[in-house]
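To start, the structure under review is shown below, and the notes come after it.
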Protein chains: 2
Amino acid sequence: MKASKKKKLEAAGWKVGSAADFLELSDAEEMLVNMKVALAKKVKAMRQEKKITQQQLAKLIGSSQSRVAKLETADRSVSMELLIRSLLSMGATRAQIGSIVGTRKTKKVAKAKKKKALVKG
Amino acid sequence: MKASKKKKLEAAGWKVGSAADFLELSDAEEMLVNMKVALAKKVKAMRQEKKITQQQLAKLIGSSQSRVAKLETADRSVSMELLIRSLLSMGATRAQIGSIVGTRKTKKVAKAKKKKALVKG
DNA sequence: CAACTGTATGTCATATCCGACATATGTCAA
DNA sequence: TTGACATATGTCGGATATGACATACAGTTG
């Protein structure tokens, strides 16, 4: 978080910690979730492009249809690892995956959510 | 795997399956490992650039020195998730991480390892 | 309507990953 | 040498992710 913003928030009565504080963590957490959602969408897109069912993809990656469904909906029980493994198994290149990971989709709601996450001091 | 290469291998007496075969999986696995190693190196590089100890980084990400050590050596017990989370906690951008994920480091040993992984038919 | 296909959701036992701790190794200075 | 500090390695109980299964839901076809 920028120092100017932090000062403003503190002046408004918000409790803002240091380095490992709530906000920073939630920032990282949010980015992680966004990455997962982006990867999940790619899994679904690639599968549909290949015209195969979740069942078939499941077999391809040695898993089950239900887990593939969770993968594509970015369920909280799925790891980054499995998402990437799935993409690789469908033939995605590291460059493609890197592009997804590195491309931030601008979201308008971000700010509102962030404010909610703050703790009134 | 390219069709030409597959044909060659089969002619030489190697058993080569289809889509979900051993080779493809081990390819994905190898890429995954390579990604992890690249991310691990970045964790170490960023930490050293910030001139902080593993202990301090551990505190920053809510972990322990031993786990940070494993992180930086790409121990098999560390997940992609934790690697990325650590980078984000140190202030890495999605673009930076995406670049690491997407950049393949050419390795000469790859071919030899691949041949070893084949199953004589 | 029923029957079928594809996808989503909930649950569970087990496998994997986690932080934490002890301890080893390595380096440098007193 | 001893001590202090940074990093690596092994282990362990608890937390989380896993594949598998049942089942619900949504289309489509007959």
Side-chain angles (χ1 to χ4, degrees), chain A residues 19-22 24-26 28-90 101, chain B residues 19-22 24-26 28-37 39-90:
Chain A
D21 73 296
F22 196 69
E24 297 292 342
L25 287 181
S26 112
E29 220 57 41
E30 188 180 332
M31 283 201 232
L32 220 35
V33 171
N34 287 342
M35 284 186 197
K36 281 194 184 180
V37 170
L39 290 168
K41 283 183 180 170
K42 183 65 177 179
V43 168
K44 186 165 193 170
M46 278 194 76
R47 179 179 64 79
Q48 290 177 331
E49 199 175 342
K50 287 177 170 293
K51 298 195 199 304
I52 60 176
T53 66
Q54 291 184 341
Q55 191 72 249
Q56 292 172 298
L57 174 55
K59 187 177 179 185
L60 182 66
I61 66 176
S63 185
S64 59
Q65 177 271 323
S66 58
R67 185 133 301 274
V68 172
K70 290 179 218 278
L71 267 184
E72 296 186 354
T73 52
D75 188 282
R76 58 188 314 292
S77 82
V78 309
S79 69
M80 201 116 236
E81 192 120 355
L82 190 58
L83 283 163
I84 294 180
R85 188 192 307 276
S86 301
L87 290 174
L88 290 173
S89 295
M90 282 192 289
V101 168
Chain B
D21 73 299
F22 195 68
E24 298 291 344
L25 287 181
S26 109
E29 220 56 41
E30 189 180 332
M31 282 201 234
L32 218 34
V33 171
N34 288 342
M35 284 187 197
K36 282 193 184 182
V37 169
L39 291 168
K41 283 182 178 171
K42 182 65 176 177
V43 168
K44 187 166 192 169
M46 278 194 76
R47 178 180 64 79
Q48 290 178 333
E49 200 174 343
K50 286 176 172 292
K51 299 196 199 302
I52 60 176
T53 67
Q54 291 184 342
Q55 190 71 251
Q56 292 173 298
L57 174 54
K59 187 176 178 185
L60 181 66
I61 66 177
S63 185
S64 58
Q65 178 271 325
S66 58
R67 185 134 301 272
V68 171
K70 289 177 219 278
L71 266 184
E72 296 186 354
T73 53
D75 188 281
R76 49 187 327 288
S77 82
V78 310
S79 68
M80 200 117 239
E81 193 119 354
L82 189 58
L83 283 163
I84 293 180
R85 189 191 306 274
S86 301
L87 290 174
L88 290 174
S89 294
M90 281 191 289

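Chain letters run A, B, ... following the sequence lines, proteins first and then strands; every chain starts at 1.
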Base, sugar-phosphate, or nothing for [X], non-hydrogen atoms under 4.0 angstrom?
| X | result |
| --- | --- |
| B/Val68 | nothing |
| B/Arg47 | sugar-phosphate |
| B/Ser63 | sugar-phosphate |
| A/Ser79 | sugar-phosphate |
| B/Arg76 | sugar-phosphate |
| A/Glu81 | nothing |

Considering only heavy atoms and no angle criterion, is a donor-acceptor pair shorter than 3.5 Å present between the side chain of A/Ser64 and the base of D/dC21?
no
Quiz item: B/Gln65 side-chain donor-acceptor pair to C/dA20 base, under 3.5 Å
no
[X] [atom1] - [N] [atom2] separation (whole Å):
| X | N | atom1 | atom2 | value |
| --- | --- | --- | --- | --- |
| B/Glu29 | C/dT16 | CD | C1' | 13 Å |
| B/Gln54 | C/dA20 | CD | P | 15 Å |
| A/Lys59 | D/dA20 | NZ | C1' | 16 Å |
| A/Met80 | C/dC18 | CE | P | 14 Å |
| A/Ile52 | C/dT5 | CD1 | P | 18 Å |
| A/Lys44 | C/dG6 | NZ | P | 15 Å |
| B/Arg67 | C/dT16 | CZ | P | 15 Å |
| B/Asp75 | C/dC17 | CG | P | 10 Å |

For the side chain of B/Gln56 and the backbone of B/Thr53, is there at least one donor-acceptor N/O pair under 3.5 Å apart?
yes
Could you check whether any side-chain N or O of A/Lys50 sits under 3.5 Å from a backbone N or O of A/Met90, counting only pairs where one atom can act as donor and the other as acceptor?
yes
Look at [X] and [N] and indicate whether a side-chain polar atom (N or O) is within less than 4.0 Å of OP1 or OP2.
| X | N | answer |
| --- | --- | --- |
| B/Gln55 | D/dC5 | no |
| B/Lys70 | C/dA20 | no |
| B/Lys51 | D/dA6 | no |

Got a second to check how far A/Ser63's OG is from A/Gln54's CD, nearest 0.5 Å?
10.5 Å
Value for CD (B/Gln65) from CZ (B/Arg67), rounded to nearest 0.5 Å, stands at 11.5 Å
5' priority, DNA chain D, between A/Val78 and A/Ser66 [closest heavy atom]
A/Val78
Tell me which of B/Ala69 and B/Thr53 sits closer to the 5' end of DNA chain D, going by the nucleotide each one is nearest to.
B/Thr53
Between C/dC18, D/dT9, C/dT9, spot the one nearest the side chain of A/Thr73, thanks.
C/dT9
Give a yes or no on whether a salt bridge exists between B/Lys42 and B/Glu49, defined as a side-chain N under 4.0 angstrom from a carboxylate O.
no
Does the salt bridge (charged side-chain N to carboxylate O under 4.0 Å, His left out) test come out yes or no for B/Lys41 and B/Glu72, once each step is laid out?
CA-CA 6 Å; B/Lys41 283 182 178 171; B/Glu72 296 186 354; over 6 Å; no
